[in-house]
Amino acid sequence: MAQVVWITSLCVRVGLVARLSRINPKRYRWFIVYLIVISLGTFYLLSIPLHSTTYAISWIIVEICSLFLLYAAALEIFGNLAEHFGGVNREGRIVSYLRRILNAIMAISLVACIALTIFDARVMLDKQAFSVGTAVSAVVLLMRVATSTLAVFLAGSALYFSRFRVTLQPNLRIHGFLFTAWMVVSAAAMFWRNMDKSNTDLINTVFLTLSTLIFGIWIVAIKKTGESIPVRLSLADGHARDDREILIAFLRRLTRQR
């Protein structure tokens, strides 16, 4: 069961990469790169013996790279928002401030995890040399803290920006909402895994199932036409169109009578 879910999740992830690349690869560049790197990293880790030093070091490299790419994908969303809000009005300045806050949060998370890891290493190893096991624990801690803070930050930002009546591309709204939902699921899975280590297989299966569902909705929801801002006709435009149609109908009846 777990293997089937994993294969399905990987296929849907590849499908999402193809879908985003076809619609607008520049707008979703960093998220596409993240999906490619994490997929290739998964295949590479499968080719290495599980309980080995090589696997541990490779896992650290893959996870750190994926974390920074995930962070870049979050900044990418704020960059797309900034294009609509601008930089001079109140909303535009708030977007700029939120990007700085996100930078500060990720930097603080990194510093805190490094500090806690050094402290734990000295306590556990009695001031011995830094080991691979300690490095793995540090990366796990970093992933938990960074994913949780990123999920809370994105959810709060989405709630805040929902107050403004700004016309955005439908794809941008969908991408931001599903990205936030997926980060919340990832953070919840990591928290659950930390609280209940005996059911790791079940947690992974649930996480992959929800991720597959979100990615599937992602593929179906975004469309080529969603990259453009929908044009809304004003009331005056609607009246002008009605008057034009009435005039055309009157001229046709007049021509027939002649």
Side-chain angles (χ1 to χ4, degrees), residues 5-47 58-85 95 98-99 102-103 105-106 110 139 142-143 146-151 153-155 157-158 161 168-187 189-190 204 207-229:
V5 173
W6 180 82
I7 294 175
T8 305
S9 175
L10 186 60
C11 293
V12 174
R13 192 185 303 169
V14 173
L16 181 58
V17 170
R19 182 66 171 167
L20 293 175
S21 300
R22 182 180 179 182
I23 291 179
N24 194 340
K26 293 183 179 180
R27 182 179 298 275
Y28 313 107
R29 178 176 62 252
W30 287 112
F31 185 61
I32 292 173
V33 173
Y34 165 79
L35 292 175
I36 293 174
V37 169
I38 198 66
S39 299
L40 294 178
T42 302
F43 279 116
Y44 173 70
L45 291 175
L46 288 175
S47 64
S58 300
W59 182 86
I60 291 173
I61 295 174
V62 170
E63 292 299 322
I64 290 178
C65 291
S66 65
L67 178 61
F68 280 101
L69 290 174
L70 197 64
Y71 168 61
L75 285 179
E76 188 175 56
I77 294 177
F78 279 92
N80 294 330
L81 282 174
E83 295 178 359
H84 298 275
F85 286 101
V95 172
L98 288 176
R99 292 181 66 177
L102 181 58
N103 287 330
I105 288 175
M106 298 304 293
L110 179 61
V139 174
L142 177 61
M143 291 293 296
T147 304
S148 300
T149 53
L150 193 58
F153 183 82
L154 289 174
S157 300
F161 284 114
L168 302 175
Q169 293 98 334
N171 284 352
L172 181 57
R173 291 184 180 274
I174 294 170
H175 180 70
F177 175 77
L178 292 178
F179 185 86
T180 303
W182 181 58
M183 290 305 306
V184 171
V185 170
S186 301
M190 288 187 178
N204 291 335
F207 169 68
L208 290 176
T209 302
L210 293 177
S211 298
T212 302
L213 179 61
I214 292 175
F215 288 160
I217 296 174
W218 222 322
I219 294 173
V220 176
I222 57 175
K223 301 177 181 179
K224 191 70 175 180
T225 56
E227 287 299 302
S228 59
I229 299 177

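Residue numbers start at 1 and run along the sequence shown.
Pairing each heavy atom of Val37 with each of Leu69, the nearest pair is CG2-CD1, 3.6 Å. Taking every heavy atom of both residues into account, Lys224 and Arg22 meet most closely at NZ-O, 3.4 Å. Nearest heavy-atom pair, Ala151 versus Met183, reported as atom, atom and distance to 0.1 Å: CB-O, 3.6 Å.
Residues Phe31 and Trp218 place their aromatic rings such that the two centres sit under 6.0 Å apart.
Inter-residue side-chain proximity for Leu75 and Trp30 is flagged as unmet; no heavy-atom pair is nearer than 4.5 Å.
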### Task
Using the side-chain contact (heavy atoms from CB on, under 4.5 Å) rule, take Phe179 and Leu70 through it: C-alpha gap first, then chi angles, then the decisive distance, then the call.
CA-CA 10 Å; Phe179 185 86; Leu70 197 64; 4.0 Å; yes

### Message
If you apply the rule side-chain contact (heavy atoms from CB on, under 4.5 Å), what do you find for Ile36 with Ile32, and how did you get there?
### Response
CA-CA 6 Å; Ile36 293 174; Ile32 292 173; 3.9 Å; yes

#### Entry: Asn24/His175 under side-chain contact (heavy atoms from CB on, under 4.5 Å): CA gap, chis, key distance, verdict
CA-CA 12 Å; Asn24 194 340; His175 180 70; over 6 Å; no

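Annotation: the span from Leu10 atom CG to Phe215 atom CZ amounts to 10.5 Å, rounded to 0.5 Å. With rounding to the nearest 0.5 angstrom, the OG1 atom of Thr225 is 8.5 Å from the CD1 atom of Ile23.
Looking at Asn171, its side chain does come within 3.5 Å of a backbone N or O of Lys223 through a donor-acceptor pair. Here the side chain of Thr212 pairs a donor or acceptor atom with the backbone of Leu208 at under 3.5 angstrom. A side-chain donor-acceptor contact under 3.5 Å links Ser66 to the backbone of Glu63.
The 12-atom threshold is exceeded at CH2 of Trp182, counting heavy atoms of other residues, nucleotides or ligands nearer than 6.0 Å.
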